[in-house]
Amino acid sequence: MINGKKVAVIMPAYNAEKTLKQTYDEIYRDFVDEVILVDDNSQDNTKIVSRELNIKTIVHKENRGYGGNQKSCYKAALKSGADIIVMLHPDYQYTPKLIPAIVCMMAFEQYDAVLASRMLGNSALKGGMPFYKFVANKFLTAFENILTGEKLSEYHTGFRGFTREVLETLPLAECNDDFIFDNEMIALLFYHNYKIGELSCPTKYFKEASSINFVRSCKYGLGVLLVSIQYRLAKMGLKSKIFKPDARKLDLTTELEYYFQ
């Protein structure tokens with residue numbers, strides 16, 4: 001615990017057997033009370049490696065998508081009693097060594113959510129981010145800042161932390177089950193007036209690190225534009241899907257599929 005807060009690290013996994021151990025080994029266990037992995041019906045031995053590492057593991061019987069995977073992760077973390085939840089991709093693209101910094105920013109009640117930004121410190125291109133993704137990231141972030149009226153350096157990082165209150169309040173059940181889920185979460189954080197902190201994070205791009213292809217990247221980009229427009233319209237009074245009073249939150253009464261342990 002940190003400042004009396006229980007900390008859980010959640011890992012949404014898909015075909016991560018080659019990088020899972022390396023990622024897990026760099027988690028400072030003195031700062032983390034529990035590690036939970038959700039295997040989204042991987043086609044490799046991710047769940048076996050996870051079991052060998054003694055990680056609490058949930059296995060989806062069918063693929064639910066990146067957003068659907070996160071929903072299971074957050075349900076499991078909340079059910080475990082965690083006060084602070086950090087999402088870490090098990091592909092070793094982000095360094096787990098920053099978990100203590102992310103956690104402390106929330107444990108001492110300075111922020112409600114924290115994003116590890118690849119765009120602070122100019123580390124994205126140095127870490128091997130493809131140039132077209134770098135340009136797209138910059139463009140989409142600028143567009144989103146204009147529509148939201150905020151000043152984040154990046155909206156598209158997969159390394160982020162949340163307080164329990166955030167995950168219990170946001171209508172995550174209504175969010176998309178694909179990659180746009182991440183972007184919807186940030187829009188909802190602003191919509192509900194939560195404070196978001198950022199810190200600089202180096203990144204690594206290599207063969208085993210997960211990444212969406214060009215076509216899915218384009219689909220994601222269009223989704224980002226749509227979410228930003230919906231957010232602006234919602235602030236003007238035109239509610240839609242996730243931006244409405246009766247939007248559904250995560251249902252913690254339902255059982256997760258099963259533990260592979």
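Since the model is a prediction, treat every value here as computed from it, not as a measurement.
- The distance from atom OG1 of Thr23 to atom CG of Leu53, rounded to the nearest 0.5 Å, is 10.0 Å.
- Annotation for Lys97: atom NZ does not count as buried by contact number, only 12 or fewer foreign heavy atoms lying within 6.0 Å.
- Scored by the side chain to side chain donor-acceptor pair (under 3.5 Å) test, Asp40 finds His60, Asn63 as partners (sequence neighbours excluded).
- At a threshold of 4.5 Å between non-hydrogen side-chain atoms, the residues Leu98 and Pro202 count as touching.
- Atom NZ of Lys239 is surrounded by more than 12 heavy atoms from other residues, nucleotides or ligands within 6.0 Å.
- Looking only at side-chain heavy atoms (C-beta outward), Ile99 and Phe159 come within less than 4.5 Å of each other.
- Residues forming a salt bridge (Lys or Arg N to Asp or Glu O under 4.0 Å) with Asp25 (at least two apart in sequence, or on another chain): Lys21.
- Salt bridge status for Asp91 with Lys18: absent, with no side-chain N to carboxylate O gap under 4.0 Å.
- When atom types are taken as modelled, the side chain of Thr57 and the backbone of Lys47 share no donor-acceptor pair closer than 3.5 angstrom.
- Taking NZ of Lys151 as the reference point, atom CG of Asn145 lies at 9.0 Å (rounded to 0.5 Å).
- Nearest heavy atom pair, residue Lys71 against residue Cys175, reads NZ-O, 2.7 Å.
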Compile the donor-acceptor pairs under 3.5 Å between side chains in residues 227-234 and protein atoms, sequence neighbours left out, one pair per line.
from   : atom 1 : to     : atom 2 : distance (Å)
Ser228 : OG     : Val224 : O      : 3.0
Arg232 : NE     : Leu147 : O      : 2.9
Arg232 : NH2    : Leu147 : O      : 2.7

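- Here the straight-line distance linking atom CD1 of Ile10 with atom CG of Leu88 works out to 8.5 Å at 0.5 Å rounding.
- When only modelled atom types and interatomic distance are considered, Ser72 and Asn69 share no side-chain donor-acceptor pair under 3.5 Å.
- For residues 157-166, the side chain to side chain donor-acceptor pair (under 3.5 Å) pairs, not counting sequence neighbours, are Arg164-Glu168, Glu165-Tyr194.
- At a cut-off of 3.5 Å, with distance as the only test, a side-chain donor of Glu26 or Tyr92 sits close to an acceptor on the other residue.
- Rounding to the nearest 0.5 Å places CE of Met105 at 9.0 Å from CG of Leu115.
- By the neighbour-count criterion of 12 heavy atoms within 6.0 Å, atom NZ of Lys6 is densely surrounded, having more than that number from other residues, nucleotides or ligands.
- Between the side chains of Asp182 and Gln70, at least one donor N or O lies within less than 3.5 Å of an accepting N or O.
- With a 4.5 Å cut-off on side-chain heavy atoms, Pro171 and Leu188 count as touching.
- Separation of atoms CG (Asn183) and CG (Asn176) is listed at 10.5 Å; rounding is to 0.5 Å.
- For Asn137, the side chain to side chain donor-acceptor pair (under 3.5 Å) partners are Thr141, Glu154, not counting sequence neighbours.
- In this structure, the ring pair (Phe, Tyr, Trp, His ring centres under 6.0 Å) partners of Tyr66, at least two apart in sequence or on a different chain, are His89, Phe179.
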